[in-house]
Amino acid sequence: MPDIKLDVNNMLAKRLGGFPGITNAMLDEIKGKAAAALSQVQKVRGTGWLEWTELPYQDESVISDIEKTAEEIKDKFDNFVLLGIGGSALGPACVHEAMHPLRSNENKHMKTPKMYFEDNVDPERMAALLEIIDPARTCFNVITKSGGTAETMSQYLIVRDLIKDLPTLRENIIVTTSQGRGSLYEIAQLEGFKTFVVPD
């Protein structure tokens, strides 16, 4: 995984010249508050209060499994379609935009599958997607934390019906949901789909 660096230089007054920006005096003024906030976050680590902050430190085998699956998808598929609503789609879309060049789907030099984020149940939108992808050459990642979001489950049913006869069905669908609960988790177990868990 590449290192992620935050470069704030273009927000600083000294870089912006006469344009308003963040000054050293402003940074000095909030330094104490920022240090206190960081100290508070570190103090509650492992207590179950801010569990999302533990994600970078989770079991290394989970991260290895995600990376291995990503490599397999890259080798087998031309497209990767995320089916989800709200945060299930917006978070991944945001990360994708941050980590890839703009218009990466049209970039002939990209060596990764084209990415599509279907965060809407508009039938025309879904039909337009299905006109430009080959479902057999597409991996669909169905994401719902609750395991029962109606819009996401509708998307899943459309896709499942479309590719039900493919011999690679179990490779074409990946599920991301909560461990041990919700309709999607039960379906994934029944169908034998690769499953990733959304941590509580």
Side-chain angles (χ1 to χ4, degrees), residues 1-12 15-16 19-22 41 50-58 62-135 137-147 149-156 158-159 171-178 184 193-200:
M1 190 157 109
D3 289 336
I4 298 174
K5 295 179 181 166
L6 178 63
D7 184 350
V8 298
N9 283 306
N10 288 333
M11 297 166 44
L12 302 178
R15 174 68 67 88
L16 296 172
F19 195 77
I22 298 171
V41 168
L50 292 171
E51 289 187 62
W52 60 269
T53 62
E54 298 301 309
L55 291 176
Y57 314 104
Q58 67 182 329
V62 173
I63 295 167
S64 296
D65 189 20
I66 291 169
E67 290 174 341
K68 179 176 175 271
T69 303
E71 284 301 315
E72 290 170 358
I73 290 168
K74 198 163 100 172
D75 292 341
K76 293 178 187 172
F77 297 104
D78 299 329
N79 310 293
F80 186 86
V81 175
L82 188 145
L83 304 175
I85 295 293
S88 295
L90 295 173
C94 180
V95 171
H96 182 264
E97 273 189 37
M99 303 295 289
H100 290 85
L102 287 174
R103 309 286 179 232
S104 59
N105 280 354
E106 287 78 36
N107 188 330
K108 293 179 176 67
H109 304 293
M110 292 292 288
K111 295 184 170 86
T112 57
K114 292 180 178 183
M115 298 278 295
Y116 299 94
F117 299 89
E118 288 304 298
D119 62 345
N120 194 303
V121 290
D122 175 19
E124 287 189 25
R125 179 180 167 139
M126 180 67 88
L129 172 69
L130 296 175
E131 282 179 13
I132 62 168
I133 65 169
D134 175 359
R137 299 282 304 151
T138 302
C139 181
F140 297 89
N141 185 198
V142 188
I143 303 180
T144 163
K145 185 177 189 308
S146 69
T149 306
E151 296 89 345
T152 304
M153 296 308 289
S154 297
Q155 293 173 326
Y156 162 73
I158 290 166
V159 167
E171 295 173 25
N172 287 81
I173 294 179
I174 294 174
V175 164
T176 306
T177 192
S178 292
L184 186 58
F193 296 143
K194 173 80 176 178
T195 305
F196 289 110
V197 171
V198 178
D200 288 336

Atom [atom1] in [X], atom [atom2] in [Y]: separation rounded to 0.5 Å?
X: K194; Y: I66; atom1: NZ; atom2: CD1; answer: 9.0 Å
X: L16; Y: N9; atom1: CG; atom2: CG; answer: 10.0 Å
X: D119; Y: T152; atom1: CG; atom2: OG1; answer: 9.5 Å
X: L129; Y: D122; atom1: CG; atom2: CG; answer: 12.0 Å
X: L83; Y: I174; atom1: CG; atom2: CD1; answer: 11.5 Å
X: I85; Y: M153; atom1: CD1; atom2: CE; answer: 12.5 Å

Inset, instruction - Looking only at non-hydrogen atoms, find the nearest pair between T177 and G147 and report the distance. - result: OG1-CA, 3.4 Å
Legend entry - Residue pair A89 / G84: nearest heavy atoms and the distance that separates them: CB-O, 3.6 Å
Inset, instruction - Check whether more than 12 heavy atoms from other residues, nucleotides or ligands sit under 6.0 Å from atom CD of E124, and answer yes or no. - result: no
Inset, instruction - Look at atom CD1 of I132 and say whether more than 12 heavy atoms of other residues, nucleotides or ligands are closer to it than 6.0 Å. - result: yes
Inset, instruction - With side-chain contact (heavy atoms from CB on, under 4.5 Å) as the test, would you mind laying out the steps for I133 and V81 before giving the verdict? - result: CA-CA 10 Å; I133 65 169; V81 175; 4.1 Å; yes
Legend entry - Matching residue for E72 among K76, K68, K74 - test: side chain to side chain donor-acceptor pair (under 3.5 Å): K68
Legend entry - M110 side chain reached by H100 side chain, heavy atoms, under 4.5 Å: yes
Inset, instruction - Decide yes or no for I143 and F196: does some side-chain heavy atom of the first lie under 4.5 Å from some side-chain heavy atom of the second? - result: no
Inset, instruction - Would you kindly say whether T144 and T149 are connected by a side-chain donor-acceptor distance under 3.5 Å? - result: yes
Where the side chain of [X] meets the backbone of [Y], is there a donor-acceptor pair that is under 3.5 Å apart?
X: N79; Y: P135; result: no
X: Q155; Y: N120; result: yes
X: S178; Y: S146; result: no

Legend entry - F117: partners by ring pair (Phe, Tyr, Trp, His ring centres under 6.0 Å), with sequence neighbours left out: H96
Legend entry - Of N105, L82, T138, the residue whose pairing with Y116 passes side chain to side chain contact (heavy atoms under 4.5 Å, CB included): N105
